[in-house]
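Note sheet for the following structure.
On a predicted model such as this, the values are computed, not experimentally measured, just so you know. Labels below follow one simple rule: chain letters A, B, ... track the order of the sequence lines, proteins then strands, and each chain is numbered from 1.
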Amino acid sequence: MKKVRFNIKGKRTVELVATDDENLLDAARRAGVMIDSPCNGNATCGKCKVKIVSGHVKTTETRHISEEEMAQGMVLSCNSTIVDDIEVEVPDLASSFVNEMQITDLSKNENDNIKHVRKKLIKNGMTNASRLWSEIIQLNHPTVEDNMADEDRLKQYFKLKLGYNDITLSLNVMKKLPDAFRENGFEIEVVYLKRRDVAEILDVKPANGNKAVLYGIALDIGTTSVSACLVNMDTNEIITKVSMGNAQVKYGADVINRIVYSQKPGGLENLRHAIVDESINKLIEKLVKGAGIHKEDIYEVCAAGNTTMNHLLLGVNPDYLRKEPFIPAINVIPEMKCAELGININPEGKIYLAPSVASYVGGDITAGVFAVPIWIQEGFSMLVDLGTNGEIVFGNKDFLMTCACSAGPAFEGGEISCGTRAVPGAIEEVIINDEDLRPFYNTIGHLSPVGICGSGIIDLICEMKRTGIINGKGRMDRTLNHPRIRFDEYGIGQYILYSKELDNGTKDIFITEIDIDSFIKAKGAVFSAIYTLMESLEMPIDVLDNIYVAGGIGTNLDIENAIALGMLPDIPVEKYYYIGNSSMQGCYLALTLTEGKDKIREISKNMTYMELSVHPTYMDEFISACFIPHTNLKLFPSVGN
Amino acid sequence: MPYKKTEQKFNGKIGVCEIGAGDAAISIGGEKTLPFLGGEGFKTAVGIAITDSPEDWEGCFAAVYGDDMKDPAAFAKAAVEKSGADFVLVKLASADPNGADNSVENCVATAAAVEAAVNVPVVIEGCKNAEKDAKLLEAVAKTLEGKNVVLFSAVEDNYKTIGAAGGMAYGQKVSAESAVDINLAKQLNILLTQLGVKPQDIVMDVGSAAAGYGFEYVASTMDRIRLAGLGQNDDSLQMPIMTDVSNDSWGVKEAVFTEAEAPEWGSQENRGIGMEIATASACVIGGSNAIIVRHPESAKTIKSMVAGLLG
């Protein structure tokens with residue numbers, strides 16, 4: 001038995017008793033200490049670096065730890081075993097990715113889009129109200145003559161006064177009925193869901209004069225980050241938004257690594273626990289505390305996640321998603337009680353999960369399409385969702401085609417040396433001076449920089465290309481002799497944005513050739529998916545009226561730079577809209593419009609999925625696109641040399 | 001009904017690259033169609049390879065060249081005379097820092113001597129060490145200014161130096177080398193043209209393999225490069241292709257095993273020539289506008305094959 005103490009960024013300390021020879025990463029996971037480990041403990045990615053402050057561990061040499069770092073006590077936690085009482089410092093780099101929870105507002109783009117789309121949908125005949133209702137009602141007192149049961153009395157009221165055909169109620173509600181009716185002279189408050197002509201009673205309580213405010217949650221379950229919005233269901237107002245890294249990250253950065261982990265003993269349960277208890281319930285707690293409400297007042301969750309996230313949330317074996325022919329266990333998930341999944345809201349509260357279309361086109365996309373909404377437009381539009389998986393939807397009111405590509409977490413700052421999610425302090429805009437190659441940047445919230453988020457990475461690489469620091473292959477110019485350009489012991493080039501030495505900074509923020517290469521692969525995957533989808537329909541890119549770009553890249557995205565890098569098709573920038581998190585917006589709309597959820601189901605049924613991995617030309621297109629901007633320069637006429 | 005021969009027409013055209021200076025100059029490329037498909041100008045120039053490190057070339061060539069092999073200028077002259085080749089390629093293998101590490105000055109002197117000794121265009125090959133080749137081919141380009149030689153070859157790690165010196169400052173031709181991959185070939189061509197090297201000053205060395213040793217990759221790469229250039233009019237793949245098959249052909253066991261080691265296989269020299277002809281002819285059919293071989297007999301055979309096919 002050894003004592004292990006983790007110091008996290010100097011913010012908090014966690015102690016735990018480890019067994020002899022326990023793996024340090026396993027111990028950290030057990031203690032709930034987040035250590036980024038995209039390769040899931042194979043000692044290949046080098047992200048789980050920690051510093052042993054006192055005591056020592058048994059570790060093996062690795063190319064990820066330089067001699068200098070080794071002297072400082074840095075080790076990879078995944079290839080270190082605990083043989084001593086130790087104190088471990090989890091450095092900023094490891095903990096910044098799965099950050100502390102962030103309370104944010106929706107960005108302006110996001111707010112504008114939901115308002116605009118909500119109006120448009122109501123104009124198209126949707127009901128401007130959620131299906132969650134509450135009423136304060138006065139029932140007649142029973143007598144010897146009027147001797148119907150409490151439940152019949154409630155049903156009668158709903159039939160005669162509110163026009164419903166029937167009501168349904170669960171055992172929990174039944175248990176509440178007799179006392180709630182009698183506590184305040186048969187004046188009660190009823191919370192119910194409108195299901196066409198049936199009212200599903202969720203709660204019955206004695207009336208206390210004021211109608212309680214009902215809340216709902218729009219929840220986006222991303223592979224990399226999870227965010228939730230608390231919605232006042234009476235006014236449809238979004239009260240707060242909270243986001244955090246998906247706690248499953250410690251079991252692997254992408255869905256494939258997580259599916260692999262799910263096959264280990266206890267893996268599926270650990271993953272379910274990470275998403276439910278360590279992510280969703282924490283977000284809900286934060287929302288409830290922030291808004292000063294009770295979680296019992298939350299009655300509905302409308303959630304969207306990719307197909308793997310859905311499987312893991314439900315605890316359904318996801319293994320067949322990654323094996324040819326890539327078959328999901330379930331696409332359309334029936335509405336269920338949050339309590340069944342362990343999600344802490346009102347015990348009768350419901351969760352609706354947006355349906356998937358295929359193994360790699362999930363509910364995040366069907367919800368996203370609902371929020372765009374290309375499905376009511378005459379002209380052709382496209383939705384490009386830049387997440388860990390890039391998904392593309394193309395079509396109009398008559399048809400929708402979709403495909404997915406594996407972009408990796410680069411757009412969300414994952415697997416990038418100094419990458420971060422779009423959190424305060426993330427560098428989101430970069431310009432490099434032509435003359436002296438000095439960088440100028442903006443961070444989210446104008447704080448001192450903590451890392452680079454997706455939009456910052458796009459700007460940075462674009463500027464490096466423009467100023468000749470890198471060539472079209474992303475290789476740095478070896479002939480440049482500049483204090484901001486250095487080469488490590490393996491000859492890998494780095495460009496320094498911010499450093500202790502040059503900027504009196506608190507840390508070093510830089511981008512390496514390996515990062516640039518990951519980004520080029522990510523953007524190549526997205527562009528070639530767009531191109532292949534359009535080619536297969538024999539449609540030229542310029543039939544597109546609009547392209548909606550979604551994803552957690554940052555608060556803003558410089559479309560011109562994204563085109564210059566060959567990430568998005570070269571059509572006029574006026575046709576582009578960056579709308580942020582479309583999946584979250586779809587959840588919000590489904591929560592606040594009565595027909596929303598059914599509509600998402602309908603959309604998902606109408607989407608035709610194209611499997612790129614077996615498409616004969618996709619791989620060629622991908623390789624051609626792994627160049628800035630593209631090896632076929634004719635596809636990018638507006639991008640000069 | 002009379003027979004009507006139809007010919008497939010393409011939108012694109014392969015660029016013309018002129019190599020050598022004065023009377024010695026020849027041009028390669030310029031065809032509008034796939035090799036040997038109708039009379040749209042495809043022809044192949046045949047080059048003969050010599051080396052400044054003859055000890056590597058084993059017994060087969062001592063009998064052909066005798067003492068001429070010891071002096072690169074005499075070697076080059078003899079090679080051109082014996083083979084009737086259209087141009088000569090000199091391998092400056094001695095420059096290799098992991099081998100003899102001969103100085104840049106010495107190697108440049110060798111290149112200049114070879115150039116002076118022959119009346120055909122000259123292709124100068126480095127030692128395949130990217131760093132050394134950058135310095136070496138830059139110096140060659142400077143010394144042989146006006147001779148319009150081909151610098152063989154620029155790779156991703158040194159294209160800037162070789163492209164800037166050869167293609168721009170000293171008016172030579174630059175070969176862009178990639179490893180049997182259409183996209184790598186294309187990327188390097190784009191990088192060179194973005195640097196400022198004119199497309200007509202670039203030839204492509206798209207790589208090769210000895211016949212029977214993964215040649216199908218070479219065949220499909222060449223096919224795709226030519227179909228992209230001709231069919232899709234992709235101007236980043238319309239440069240002439242120059243292929244050196246000598247090292248690959250003479251490096252496989254069929255050519256390396258001596259008669260003592262494999263008596264049942266017969267003459268080592270004949271086996272080497274056989275490998276070289278098989279490989280070279282396949283590259284020519286694939287679209288090589290200039291093919292480089294080591295043995296004079298191989299050169300003669302390929303020349304007569306091309307002449308025969310063109311009719």
inquiry  = Less than 6.0 angstrom from the centroid, inside 45 degrees of the normal: does A:R322 satisfy that with respect to the ring of A:Y360?
reply    = no

Bottom line for A:R478: the part with an atom under 4.5 Å from chain B's heavy atoms is neither

Verify whether the ring centers belonging to A:F527 and A:F636 lie closer than 6.0 Å. yes

Separation between CG (B:L230) and CD (B:E31), nearest 0.5 Å, reads 6.5 Å

Query raised in the report: Using the benzene-type ring in the case of Trp, are the ring centres of B:F42 and B:F36 under 6.0 Å apart?
Result: yes

When the 4.5 angstrom heavy-atom criterion is applied to B:L184 and chain A, the contacting part is side chain

Max heavy-atom pairs within cutoff under 4.5 Å with chain B, candidates A:K634, A:R475, A:K473, goes to A:K473

